[in-house]
Amino acid sequence: MESKGPIIYDDLQLIKEIESGSTVAFDQLYRQLYPALFVLAAKLTKSNEMAKDIVSEVFLQLWESRSTLHRVQNLKAYLYISARNRTLNYLKSNSLRAAEELTESNVSTWEPSAEEFFQALLHTETIRALREAIDTLPPECKKVVDLVLKGHSTNDIAQMLSISPSAVSHQKTRAVRILKDKVFLIVPGILIFFSPEIKFDLLQLSII
Amino acid sequence: MTPTFNEPDDQQAALLIRIAQLIAKERLGELQDAEREELDRWLGEDEQHRVWKDHLSSPEYVAEIQERFQASEESVEASLKSFHRDHLNNAPVRRLNGGARFNRWWMAAAVLVPLVIAGVWLAEKHSVPVPGPAPVVADVQPGRNKATLTLANGNRVLLDTGISGQLVQKGGVQIHYDQGKVEYQGLRLAENDVTYNTLTTAKGGEYQLVLPDGSKVWLNAASSLRYPTSFTGKERHVELTGEAYFEVAQRKDQPFSVGVGGMDVSVLGTEFDIMAYPEEGKKLTTLIQGAVKVENGKEVRQLAVGDQAAVAESGAMSVASNVNVESVIAWKLGFFQFNHIDLKTMMREIARWYDIDVVYQREDLSGEFGGRISRKLNLSELISLLEGNGVGHFKMEGRKLIVLP
């Protein structure tokens with residue numbers, strides 16, 4: 001029974017926890033989204049150093065304004081946009097400084113367009129979601145899925161891992177089953193954990 | 001430096017997060033038909049969308065992003081540590097799930113932090129994570145939506161995850177059950193058409209009930225509620241064993257009351273939790289909203305929001321104010337939340353949810369614990385969290401959990 005609409009309960013819970021000052025909840029969010037925000041910021045600024053500062057500031061700002069966090073509807077979107085805004089500020093102040101100092105700067109004065117940002121967001125978030133899902137798999141399964149995602153065919157993977165193609169297919173099926181059972185209802189905002197749905201036939205009883 | 005809040009951008013970002021998840025699902029081969037449609041619709045909206053998505057088909061490109069992720073994941077802990085040092089003046093609480101690179105949010109919810117009485121973080125003392133139990137053949141699954149509905153004629157209907165259906169009872173009362181919730185609908189019946197039903201959860205089950213007046217009841221594990229199929233008389237009365245959370249629909253002319261073996265809780269329109277497991281000894285009524293009166297036969301006490309009335313086995317009643325309401329209702333939100341409780345109390349709650357028996361080989365059971373943990377974990381996952389946080393050592397033998405010395 002797949003849920004159709006976005007389920008925002010866990011997202012809300014996370015917001016609530018952070019709003020009430022839980023550093024444990026904050027840490028989890030940090031661990032969950034730091035890599036993605038860093039990858040995005042580094043992609044846009046073309047500088048790891050800048051990306052590091054930007055992401056720290058994004059989280060600091062989130063923490064400092066936690067008392068108004070309930071206004072945020074989609075935590076992830078909020079953080080991505082916040083990283084984008086900060087990136088633009090950084091790039092702007094950098095190019096200003098370069099102009100003021102009249103230096104032949106090797107700092108990029110390039111500013112990402114809205115399209116570039118949104119494309120980068122889509123790509124980063126897709127990979128993040130995949131990594132998060134795959135991370136829950138047993139090692140042998142994970143190996144196969146990693147290769148599938150790199151675009152290798154079943155036969156290629158079989159050769160690379162010295163196992164039979166049917167063993168590869170088996171691991172793929174297994175991965176899908178595990179992901180479905182265990183983790184996979186990703187909704188805007190946050191990953192929801194679902195216990196396995198047990199399928200039964202529809203039970204209909206008549207008038208008693 | 002406050003980021004400007006730009007609503008269209010925010011919505012676009014939220015949409016792309018959703019699309020990213022669909023693409024991820026597609027890659028994993030588990031895109032449902034409706035989701036496929038959703039993705040196709042988005043792709044058809046704009047030529048550029050297809051271009052964006054096509055980029056992700058390039059193995060080189062994806063490998064490059066993967067590498068960046070890997071590198072930044074390796075620096076997360078260091079970065080978090082300096083963030084804590086610089087801005088929070090403390091150290092991050094050690095990760096519990098040492099093996100996995102990521103912490104899923106539910107793992108976040110699963111963080112259980114024991115407190116010693118002095119409030120010292122016990123976790124800090126155990127810097128070396130204790131390995132979890134060896135993989136067992138059959139892990140114990142957590143509880144789920146599961147209950148038995150006993151009708152007036154004694155017939156029983158099994159309600160379980162994935163089972164849905166409907167019944168029609170005397171007087172035209174309709175009962176729907178689906179997705180962990182059973183709901184009564186119907187007009188107010190004539191007095192002699194009213195029958196009594198009972199909803200019962202065993203250990204390892206929970207279920208939600210919507211009574212004929214629209215009042216909602218969440219029944220925790222190992223509990224039961226007996227109620228009429230229609231509320232006709234001067235008052236609405238139900239009988240509870242175990243634990244339930246009530247959201248009572250307001251009806252000024254018809255007060256609502258809950259009977260719990262010798263204790264009576266009467267309300268007008270309110271939210272409260274009653275915990276009355278026989279093995280817990282005392283019966284606890286915690287008021288979340290509104291007003292209730294608790295009666296034990298001798299005295300009547302009116303509770304204010306945040307109050308908790310405890311009726312001891314002897315019948316004596318005491319009321320505490322400003323209790324930690326969050327931990328009282330955590331079960332309804334899918335968590336265990338412990339607040340200065342002893343090991344045995346904690347293990348009793350765990351036993352009810354996992355339908356297990358707990359055996360103590362350890363003699364020293366002193367110490368208080370606190371923390372929060374998801375009720376969705378398998379027992380082995382829960383145990384390794386407990387062990388990792390220095391609560392103790394455990395061994396699973398089928399449905400028996402042994403607390404080792």
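Owing to the predicted nature of the structure, the values given are computational and were not obtained by experimental measurement. Quick note on labels: first sequence line is chain A, next is B, and so on, each numbered from 1.
Qualifying ring pair (Phe, Tyr, Trp, His ring centres under 6.0 Å) partners for B:Tyr61, counting only residues two or more places apart in sequence or in other chains: A:His123, B:His55.
Atom CZ of B:Arg68 is separated from atom CG of A:Leu40 by 10.5 Å, given to the nearest 0.5 angstrom. Atom CD of B:Glu73 and atom CZ of A:Arg128 lie 10.5 Å apart (nearest 0.5 Å). Taking CD of B:Glu26 as the reference point, atom CG of A:Leu130 lies at 10.5 Å (rounded to 0.5 Å). From B:Gln12, atom CD reaches atom CZ of A:Phe118 across 4.5 Å, with rounding to the nearest 0.5 Å. In this structure, CZ on B:Arg18 lies 12.0 Å from CD on A:Glu125, to the nearest 0.5 angstrom. Atom CG of B:Leu16 and atom CZ of A:Phe117 lie 8.5 Å apart (nearest 0.5 Å).
Heavy-atom distances place no part of A:Ser65 under 4.5 Å from chain B, backbone and side chain included. Interface remark: A:Ala114 contributes no atoms to any contact with chain B (heavy atom separation under 4.5 Å). Residue A:Tyr80 touches chain B through its side chain alone, counting heavy-atom pairs closer than 4.5 Å. Contact annotation for B:Glu326: only side-chain heavy atoms (C-beta onward) come within less than 4.5 Å of a heavy atom of chain A. The contact between A:Ala42 and chain B is made by backbone and side chain atoms together, counting heavy-atom distances below 4.5 Å. Interface remark: A:Glu115 contributes backbone and side-chain atoms alike to the contact with chain B (heavy atom separation under 4.5 Å). For chain A, the nearby parts of B:Ile19 are the backbone and the side chain; heavy atoms of each come within less than 4.5 Å.
Other residues, nucleotides and ligands contribute more than 12 heavy atoms inside 6.0 Å of the NZ atom of B:Lys332.
The shortest side-chain heavy-atom distance between B:Gln66 and A:Arg131 falls under the 4.5 Å cut-off. Looking only at side-chain heavy atoms (C-beta outward), B:Asp86 and A:Leu60 stay at 4.5 Å or farther from each other.
With respect to chain A, the highest number of heavy-atom pairs below 4.5 Å among B:Val51, B:Ile65, B:Asn145 belongs to B:Ile65.
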| task | Might you work through the side-chain contact (heavy atoms from CB on, under 4.5 Å) test for A:Leu122 and B:Ile23, ending with a clear yes or no? | result | CA-CA 9 Å; A:Leu122 178 75; B:Ile23 298 174; 4.2 Å; yes
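Ion pairing of B:Glu77 with A:Arg31 is present here, as a side-chain N (NZ or NE/NH1/NH2) and a carboxylate O approach within less than 4.0 Å.
For an aromatic pair to be called close, the ring centres must be under 6.0 Å apart, and A:Tyr34 with B:Phe83 fails this.
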